Amino acid sequence: MCLGIPGKIIEINESIGVKMAKIDFGGVIREACIEAIPEAEIGDYTIIHAGFALSILSEAEALDTLSLLEEISDFNSELNIDTSEL
Amino acid sequence: MIHQNFDFSRSFRNPQLVQGVVAEIKKTISRPWTLMEICGGQTHAIMQYGLDQILPAEVELVHGPGCPVCVTPLDQIDRAHAIAQLPNVIFCSFGDMLRVPGSTTDLFMLRAQGAQVRIVYSPLDAVKIAQENPDKDVVFFAIGFETTVPVNAASVLQAKALGLKNYSILVSQVTVPPAMHAILGSPANRVQAFLAAGHVCAVMGFWQYHTIASQYKVPIVITGFEPLDLLQGILKTIQQLEGGKFIVENAYSRIVSEQGNITAQQMISQVFEPCDRNWRGIGLIPMSGLGLKSEFAQYNAENRFQVDHIQTQEPEICIAGEILQGLSKPHQCLAFGTLCTPDHPLGAPMVSSEGACAAYYRFGGLNAEELGK
Ligand code: SF4
């Protein structure tokens, strides 16, 4: 239930009491509350849990992590571990 | 600005990188270590992607208490059932809760018998139902960890802003750090390091974890939910354990910062305050709950509906409490897969999408264990 799904903000609306937005989850559009990410702009990615945005996703951090993992992976590529079960 | 087509989820499932990180874990590890993933969502991801089967045998993953449906105390579930049966009530809940067995029934059965039970995706949907049904009492079952508490708070704040008099919440909210203290402080504890729950930390940050790491000398690594997130979290904990370190590290930096989401934290503290809380199967953990502040008492379903004389009864065979503390695994329960299945659950971990028993049942953890892992 603590699962969060990344989606992209495509429209921001004021609704009574809370700030809402339309979020695009890879083609599926849903409403979510963005009250807790007041700095969010259209085009930002966010992580949505139970119709509520938890934080803005940092692309720079995502790319950093991936390049770190790529380094580890390149370094180990000669080891040939079997992950075919995946 | 974000690239137009960056697919965050898929990038963190890249099989080649998975292979590389698993190789690095194998290279790093020299002896057995027991790690606990706190969040039940992580338990499911681990089983779903078969990560437990590709990790070296020295890594033992035990499953933590991070399943809100599982730890909601039985008396509160029985209270939910009693309220849902009241004539003028529309009872709203996350879908996971419907099959959770109380002492005598479950919400699914009550709905079949005519109670107005509705599944909602968000408590804000329940507020909308309250708006559309001014002559009904709409109650939302506000369970959850720190991830869900802000949206529960938002629903109360919105109901207040709308001037709704017919919306209330039945609260069973819990927080992670007191549970980590309870697990590590237990004489039976086996946990040597934690994969901390990424989305709890998205809200709360991880500044509170430094004292836990140093007090109990356990590495704590903030971990996400995709295969590469989980493997990176495991790699970082193993590196610390092998190197004799015990610090807090962040392996989910695209979502989580040290201070967390301050606005969300303010929403929590505006509406809720810490209180003692019972965890189903585990017992009372001091100051591990978040209850409504007195100024929001009118939104408290426990005040609004008098449903006392609750007499709880747990099935004796269910060892959910041990499983939630990492002391046992689901297949060690005598009822697992026989008396207890997702269609006929005896305990909450068999029905919740975050319950360890459901994960083992669905993804064949039993087989992995039989294979000698
Ligand atoms: S298998 Fe069923 S009875 Fe056994 S611990 Fe899990 S939920 Fe309880």
Side-chain angles (χ1 to χ4, degrees), chain A residues 1-9 15-20 26 30-39 41 43-66 68-86, chain B residues 1-3 6 8-9 11-12 15-24 26-27 39-41 49-50 53-54 66-69 94 96 121-125 144-145 147-148 150-151 154 157-158 160-162 197 199-200 202-203 225 227-228 232 253-256 261 263-264 267 352-354:
Chain A
M1 214 187 68
C2 286
L3 281 191
I5 302 166
K8 188 174 164 185
I9 300 176
S15 133
I16 298 174
V18 288
K19 202 168 170 190
M20 301 293 287
R30 290 196 81 149
E31 283 267 312
C33 172
I34 55 163
E35 185 74 15
I37 48 166
E39 69 280 28
E41 291 172 10
D44 282 347
Y45 276 81
T46 167
I47 192 104
I48 303 290
H49 163 78
F52 188 87
L54 300 177
S55 72
I56 296 179
L57 232 150
S58 160
E59 186 196 28
E61 291 287 346
L63 295 176
D64 270 5
T65 305
L66 284 171
L68 188 107
L69 295 172
E70 266 158 29
E71 263 171 50
I72 294 173
S73 181
D74 286 347
F75 194 69
N76 286 298
S77 59
E78 75 279 8
L79 283 177
N80 242 339
I81 306 293
D82 182 17
T83 53
S84 52
E85 306 96 299
L86 262 186
Chain B
M1 197 58 213
I2 300 259
H3 291 150
F6 193 78
F8 289 100
S9 303
S11 310
F12 285 88
Q16 260 151 4
L17 297 188
V18 163
Q19 192 166 321
V21 180
V22 170
E24 184 71 16
K26 288 192 176 167
K27 233 166 56 183
C39 174
Y49 294 107
Q53 317 219 8
I54 58 170
C67 166
V69 166
F94 292 126
D96 265 27
Y121 160 70
S122 165
L124 298 172
D125 298 338
F145 279 85
T147 318
T148 317
V151 67
L157 293 172
Q158 194 183 31
K160 191 178 172 194
L162 290 166
H199 292 149
V200 164
V203 172
F225 297 80
L228 277 172
Q232 198 202 2
S253 58
R254 68 185 183 280
I255 306 280
V256 175
N261 184 328
T263 312
M267 291 170 78
S352 167
S353 61
E354 288 170 310

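No hydrogens, no waters, no symmetry mates; every other heavy atom, side chains included, goes into these values. The chains referred to below are lettered A, B, ... by the order of the sequence lines, with proteins before strands, and numbering in each begins at 1. Here the structure is a predicted model, which means the values were calculated and not measured.
Counting heavy-atom pairs under 4.5 Å between each of B/A202, B/P150, B/G40 and chain A puts B/P150 at the top.
If you measure heavy-atom distances from A/L68 to chain B, the contacts under 4.5 Å come from the side chain alone. Heavy atoms closer than 4.5 Å to chain A are found in both the backbone and the side chain of B/V151. Contacts of B/Y121 with chain A are made by both backbone and side-chain atoms, with heavy-atom separations under 4.5 Å. For a residue to count as touching a neighbouring chain, one of its non-hydrogen atoms must lie under 4.5 Å from one of that chain's; by this rule A/L54 touches chain B with backbone and side chain alike.
Scanning all heavy atoms of the two residues, the minimum distance from A/L3 to A/H49 falls at O-ND1, 3.0 Å. Pairing each heavy atom of A/G51 with each of B/L124, the nearest pair is O-CD1, 4.2 Å.
The aromatic ring centres of B/H199 and B/F145 sit 6.0 Å or more apart.
Judged by distance alone, with hydrogens and angles left aside, the side-chain atoms of A/T46 form no donor-acceptor pair with the main-chain N or O of A/I56 at under 3.5 Å. Formation of a donor-acceptor pair under 3.5 Å by the A/S73 side chain with backbone atoms of B/Q16 is found in this model.
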